[in-house]
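In what follows, a single structure is set out as structure tokens and then discussed.
Letters A, B, ... are given to chains in the order of the sequence lines, protein chains preceding strands, and every chain is numbered from 1. Computed from a prediction, not measured in an experiment: that's the story for all the values here.
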Amino acid sequence: MTFLFYIFAALALIGGIGVVVNKNPVSSAFAMILSFLGLAALFIQLDAYLVGILQILVYAGAIMVLFLFIIMLLDIEDEEGRRFGFFSTAGAIVVAGGLLLVLSGVLKRFEDGDKVLKPLKAMADAPSDVRQVGELLFTTYWFPVQIIGILLLVSTIGVVVLSKRELR
Amino acid sequence: MDWTFLALSVVKIIGLVFLVILPMVAYSVWAERRVSAAIQDRVGPNRVGIAGLLQPMADGLKFILKEDFTPDHVRKTYYWMAPALTMIPALLTCAVLPFGSRLFGEKMVIADLDVGPLFVFAIASLSVYGIVLAGWASNSKYPFFGGVRSTSQMISYEIALGLSIVPLLMIFGTLNLGEIVQYQAENGWALLPLWGESLSLKGFLLFIPIFISFIIFMTSIFAETNRLPFDLPECETELVAGYHTEYSSMKFALFFLGEYAAMIIGSGLAVTLFFGGWSLPFGWLAPESIEADVPWWQGLIHIGVFFGKVIAIILFFIWIRWSLPRFRYDQLMRLGWIFFFEIAVINVILTAVILIWVK
């Protein structure tokens with residue numbers, strides 16, 4: 001099934017490049033969705049169904065819809081007319097190249113990288129990955145989960161308070 | 001590579017999508033027109049074939065032969081992409097629906113995933129792009145309003161939809177739709193707990209949260225598929241035809257069919273989660289376990305039962321559409337955010353309390 005890996009990896013990369021290269025913000029947003037779909041397919045190929053599905057459900061299905069919603073409400077004509085300046089392009093290439101160098105350096109020294117792990121399913125009578133993640137979250141990591149929950153609640157209340165202030 | 005698996009999957013995909021779902025889409029349009037006519041004391045299309053049964057073919061021919069007009073002011077690429085983007089997710093979601101028990105030892109589901117309902121919600125949430133894009137690419141004000149309305153409506157009701165089935169998943173203890181149906185075949189359907197383990201105090205108490213989630217689930221499906229009490233995105237009285245105003249011919253037909261396909265898949269999910277999927281009531285002809293094989297005639301009966309239930313729910317959809325008036329937009333948003341969202345959260349807590357404390 002390696003050819004599927006190459007197809008979806010290419011999809012994710014093409015999407016990623018498309019986000020940067022497109023001048024039309026809506027096209028960029030769509031390239032990003034394409035990239036997320038490619039990533040999700042890669043996760044699913046690794047038998048990590050939950051992560052893959054959440055990638056689509058949360059990023060492609062919810063966050064990008066909001067992005068698109070905002071972009072479409074703005075006037076995109078000015079954005080489309082903009083040219084890439086020399087300095088911004090050069091700066092972007094330098095930053096991206098530097099990141100690539102650092103990453104490849106780190107990954108090269110990561111010695112377990114070429115070990116082939118057993119797929120999740122092949123492990124002795126493993127339950128589904130949803131159950132595994134759920135059990136870990138609510139036993140070993142229950143405290144961080146609670147803290148994240150409270151943080152999210154606080155930020156939700158904060159958003160409501162801030163957005164309602166002007167109406168008073 | 002496993003060639004038999006691939007071949008079987010292709011057979012299942014062609015059998016389910018092209019030989020069952022697509023004809024069902026065509027005939028649910030026909031049923032919509034006939035039933036609405038019956039409700040309004042009219043006759044409806046009855047000229048083509050016996051009782052108008054060939055009407056879908058005539059409509060299809062008409063859609064193909066009409067001029068496919070692309071207005072000058074649209075954004076071409078996205079204008080062309082949008083109809084496909086509404087149709088594809090609707091058809092993709094049927095991959096995880098178990099439409100029968102087993103036929104000749106083969107499970108009657110295209111992809112037997114352990115994340116069934118999540119998969120359906122994830123792919124269904126992508127169908128909003130088709131509508132948004134259609135509204136935006138048409139570059140004209142009424143389609144745009146339709147697209148904006150649809151986005152906010154679908155985002156709002158997705159939350160209620162997702163939360164509404166959490167109580168069920170807590171009771172079944174699995175996310176695999178096949179196992180959910182098997183559990184219901186042995187222990188009573190979620191909405192008909194009259195045999196097996198459901199015949200207990202716990203089972204009867206659990207009926208309360210299940211019923212609440214059923215109401216939230218069905219309402220949210222109506223909102224997600226833009227069906228009538230909530231069809232604000234294409235509300236004729238305000239928005240001409242909403243997001244597909246600028247579309248003609250087969251492109252318009254794709255939006256139309258995508259909507260019906262989404263409705264059929266939604267019905268399929270409702271049947272699977274609440275009405276025991278392919279199982280007959282009172283555990284008749286139910287296989288002993290998820291691994292047990294069934295004779296071929298039982299397999300066929302199970303497939304028939306599943307689609308019979310789906311058709312019943314589709315008729316319910318149509319019945320509602322021609323009985324209720326349209327909501328106002330602010331009422332729709334308030335219902336989603338202030339009422340259903342809270343009820344769904346409380347429902348989850350209620351289920352947890354019952355599951356823990358009632359033995």
*For chain B, which of A:I56, A:L68, A:V65 has the most heavy-atom pairs under 4.5 Å?*
A:V65
*Contact part of B:V148 toward chain A, heavy-atom cut-off under 4.5 Å: side chain, backbone, both or neither?*
both
*Side chain from CB out, backbone as N, CA, C, O: work out which of these in B:I159 comes under 4.5 Å of a heavy atom of chain A, or both, or neither.*
neither
*Mark yes or no for whether B:T151, through its side chain, and B:G147, through its backbone, hold a donor-acceptor pair below 3.5 Å.*
yes
*Reference residue A:F36; test ring pair (Phe, Tyr, Trp, His ring centres under 6.0 Å); the match among A:F8, A:F30, A:Y59*: A:Y59
*For atom NZ of A:K108, decide whether the heavy atoms of other residues, nucleotides or ligands shown that lie under 6.0 angstrom number more than 12.*
no
*What part of A:I53 gets closer than 4.5 Å to chain B, counting heavy atoms only: side chain, backbone, both or neither?*
both
*asked:* Is B:I155 close to chain A through its backbone or its side chain, or both, or neither, when contacts mean heavy atoms under 4.5 Å?
replied: side chain
_Approximate separation, where rounding is to 0.5 Å, of A:L66 CG and B:S152 OG_ = 10.0 Å
*List the atom of A:G16, the atom of A:S35, and the distance in Å for their closest heavy-atom pair.*
N-CB, 3.8 Å
*Residue part contacting chain B, namely of A:L37, when any heavy atom lies under 4.5 Å*: side chain
